[in-house]
2 protein chains.
Amino acid sequence: MAVGSSEEKTGTRERILEAAEGLFAERGFEVVSLRDITSLAGANVAAVNYHFGSKEKLVDAVVERHATPVNRKRMAMLDEAEERHAGGPVPVREILEAFLNPLIEHISGGEREQQLFCKFMGRLMGERGYRLPESVEPMFQAMAARFSLALQKAVPELSEELALWRMHFSFGVMANTLMHGETLRQISAGRAGNPTVEVLLERIIDFCTAGFHAPAEPGRGDG
Amino acid sequence: MAVGSSEEKTGTRERILEAAEGLFAERGFEVVSLRDITSLAGANVAAVNYHFGSKEKLVDAVVERHATPVNRKRMAMLDEAEERHAGGPVPVREILEAFLNPLIEHISGGEREQQLFCKFMGRLMGERGYRLPESVEPMFQAMAARFSLALQKAVPELSEELALWRMHFSFGVMANTLMHGETLRQISAGRAGNPTVEVLLERIIDFCTAGFHAPAEPGRGDG
DNA sequence: GACTGTTTAAAACAGAGGTTTCAACTGTCA
DNA sequence: TGACAGTTGAAACCTCTGTTTTAAACAGTC
């Protein structure tokens, strides 16, 4: 059934997955054609439909390949944090770190692979707009529910509604920065330095942590 | 040259612009075909190339149509705020309001048009990734420079670099929420209520204002 | 009414997209 | 060897894309 040993010569299926990941990250899901992918992977066009069934399912496969381990790690980190605080509320900063760090740790390759993967995850959150393959949706919902609950315990002074929206705001910062981080660096060339991915994500967490702790109704009292 | 009176019967050019705006907002720039647009507008396919020259230029026209007045209003509001504070630094909240309020005020129509326009602007910031038509790019750059400067004066304790990044983070929240706000409401159906656009944007400003005032290096001192 | 320039309509164009077909080629098992 | 499931390669299929062409309809003006 499966090839099994994938040491010496990588299988076609695997090569397609890797090529697709890079191209999707670089240009987007809908713009990249199957011929782009297969020519980069050194495979035939028909191979995609043979191995995956359709382009849409290839996209799903690429998403699933990374989303599953990252989400698992997120839940694990949140578990650890909750144990560390022994049932008490986990600080917002640690919750956000549990959300973002697995993304970073999942990156093992060099500079270029970092950029690609970041853009890919950014697109996943941004371009596809929370629409996920069915195979990973339950896991995503479970994760979202876990993080939502943890955040509500972390900022009990906020209404459930407000906490939820601020969680979404944080996702927005992350998605947008992951996707356009490279462009932003070029735009602000020199002025905004050239922070590493790690530093950048730490700044995101600083920003969002403070955002979460904003007073509940500051806009009401003082126009 | 121009039609001039556009009261009784809207011209083809105008109908195409409106149809395009709605469809672009709903589905994205690259996915919508000219035939989608023209059939909705009740016009012929060739009309697009006749009136605009190409699809790309049609996109530019749609962008320009809204971006220009909104950006002008943004600058004007920032001017007013700066006069109000007589040369002193303008509070972050007011700067962010000057950035977002023109977007809201530009919306005059009903519920549906609000959603469409919000999504459109969201896509403009998100999907096209800071890549703008040449005709409006100078104005955007001028605006970005103005807001950047104002924010640096508002939070002088931050390095120029950090202030710039936090400005980008704020853009990210805005873009993401504008684009996916509708989806988010559905996802969190009931739990997250159904805030109006105005309330939602006020919450964004609360969040980002607090994010801007986060300490410069909180991640360093306490791991 | 014939001559302008402008606008619309229908059809055709060339190209690219995802998908399918089918023959050729692997390897394994009998 | 032969049979057979699994896999690949080249080509074709059909649809849809943006664009162009061509001719007809329209508004004015002399």
Side-chain angles (χ1 to χ4, degrees), chain A residues 1-64 123 127-128 131 133-134, chain B residues 1-64 123 127-128 131 133-134:
Chain A
M1 185 178 283
V3 178
S5 71
S6 57
E7 291 187 9
E8 287 199 6
K9 188 182 174 185
T10 339
T12 306
R13 196 190 135 96
E14 208 67 16
R15 290 206 315 279
I16 290 177
L17 270 171
E18 283 185 26
E21 181 188 331
L23 290 175
F24 286 156
E26 201 70 60
R27 306 188 210 158
F29 296 107
E30 315 215 23
V31 185
V32 172
S33 73
L34 292 186
R35 286 167 180 82
D36 291 338
I37 297 171
T38 51
S39 73
L40 177 63
N44 194 275
V45 206
V48 171
N49 278 284
Y50 174 75
H51 284 287
F52 299 95
S54 70
K55 186 189 180 183
E56 185 65 23
K57 288 181 185 167
L58 168 62
V59 174
D60 288 359
V62 176
V63 171
E64 187 176 356
R123 278 190 196 278
E127 186 173 305
R128 300 235 316 176
R131 185 176 51 84
E134 290 186 13
Chain B
M1 185 177 284
V3 178
S5 73
S6 58
E7 291 186 10
E8 285 198 7
K9 188 182 175 185
T10 339
T12 306
R13 196 189 135 96
E14 207 67 16
R15 291 205 314 278
I16 290 177
L17 269 171
E18 283 185 27
E21 181 189 331
L23 290 175
F24 286 156
E26 201 70 58
R27 307 187 210 158
F29 295 106
E30 316 215 25
V31 185
V32 173
S33 73
L34 292 186
R35 284 165 181 84
D36 291 337
I37 297 170
T38 50
S39 73
L40 177 63
N44 193 276
V45 208
V48 170
N49 278 286
Y50 174 76
H51 283 286
F52 300 94
S54 69
K55 185 189 180 183
E56 185 65 22
K57 288 182 185 167
L58 168 61
V59 174
D60 287 359
V62 176
V63 170
E64 188 175 356
R123 277 191 197 279
E127 185 172 307
R128 299 236 315 176
R131 185 176 51 84
E134 289 185 15

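Keep in mind that the numbers below use all heavy atoms, side chains included, and drop hydrogens, waters and symmetry copies. Labels below follow one simple rule: chain letters A, B, ... track the order of the sequence lines, proteins then strands, and each chain is numbered from 1.
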**OP:** Return the value, rounded to whole Å, for the distance between atom CZ of Phe29(A) and atom P of dG18(C).
**Re:** 14 Å

Original post:
dG18(C) phosphate, OP1 or OP2: any side-chain N/O from Ser54(A) under 4.0 angstrom?
Top reply: no

**OP:** Could you check whether Val48(A) gets within reach of a base, just the sugar-phosphate, or nothing at all, counting any heavy atom under 4.0 Å?
**Re:** nothing

**OP:** Could you tell me the separation between the CG atom of Asn49(A) and the P atom of dT7(D), rounded to a whole number of Å?
**Re:** 15 Å

Subject >> Rounded interatomic separation in angstrom, taking CD from Glu30(A) and P from dG17(C) >> reply: 14 Å

Original post:
Quick one: is Ser33(A) getting a side-chain N or O under 4.0 Å of the dA16(C) phosphate, OP1 or OP2?
Top reply: no

Original post:
Lys55(B) has a side chain; which of dG18(D), dT20(D), dT20(C) sits nearest to it?
Top reply: dG18(D)

Subject >> Pairwise distance CZ(Arg35(B)) to CG(Asn44(B)) - rounded to 0.5 angstrom >> reply: 9.5 Å

**OP:** Quickly work out the Asn44(A) CG to dT26(C) P distance and round it to whole Å.
**Re:** 16 Å

Subject >> Of the listed nucleotides dT19(C), dT17(D), dT20(D), the one nearest the side chain of Ala46(B) >> reply: dT20(D)

Original post:
Where the side chain of Asn49(B) meets the backbone of Ala46(B), is there a donor-acceptor pair that is under 3.5 Å apart?
Top reply: no

Subject >> Protein-nucleotide distance (Glu56(B), atom CD; dG18(D), atom P), rounded to Å >> reply: 11 Å

Subject >> Criterion side-chain contact (heavy atoms from CB on, under 4.5 Å) on Leu58(B) and Leu17(B), from CA distance to verdict >> reply: CA-CA 8 Å; Leu58(B) 168 61; Leu17(B) 269 171; 4.3 Å; yes

**OP:** Could you tell me the separation between the CZ atom of Arg35(A) and the P atom of dA10(D), rounded to a whole number of Å?
**Re:** 13 Å

**OP:** Write down the distance between OH (Tyr50(A)) and C1' (dT26(C)), rounded to a whole number of angstrom.
**Re:** 11 Å

Original post:
If you measure from OH on Tyr50(A) to CZ on Arg13(A), what distance do you get to the nearest 0.5 Å?
Top reply: 11.0 Å

Original post:
Does His51(A) have a side-chain nitrogen or oxygen under 4.0 Å from the phosphate oxygens OP1 or OP2 of dG6(D)?
Top reply: no

Original post:
For the pair made of CG in Leu34(A) and P in dC13(D), what is the distance, rounded to whole Å?
Top reply: 20 Å

Subject >> Atom pair CG (Leu34(A)) and CD1 (Ile16(A)), whose distance is rounded to the nearest 0.5 Å >> reply: 9.0 Å

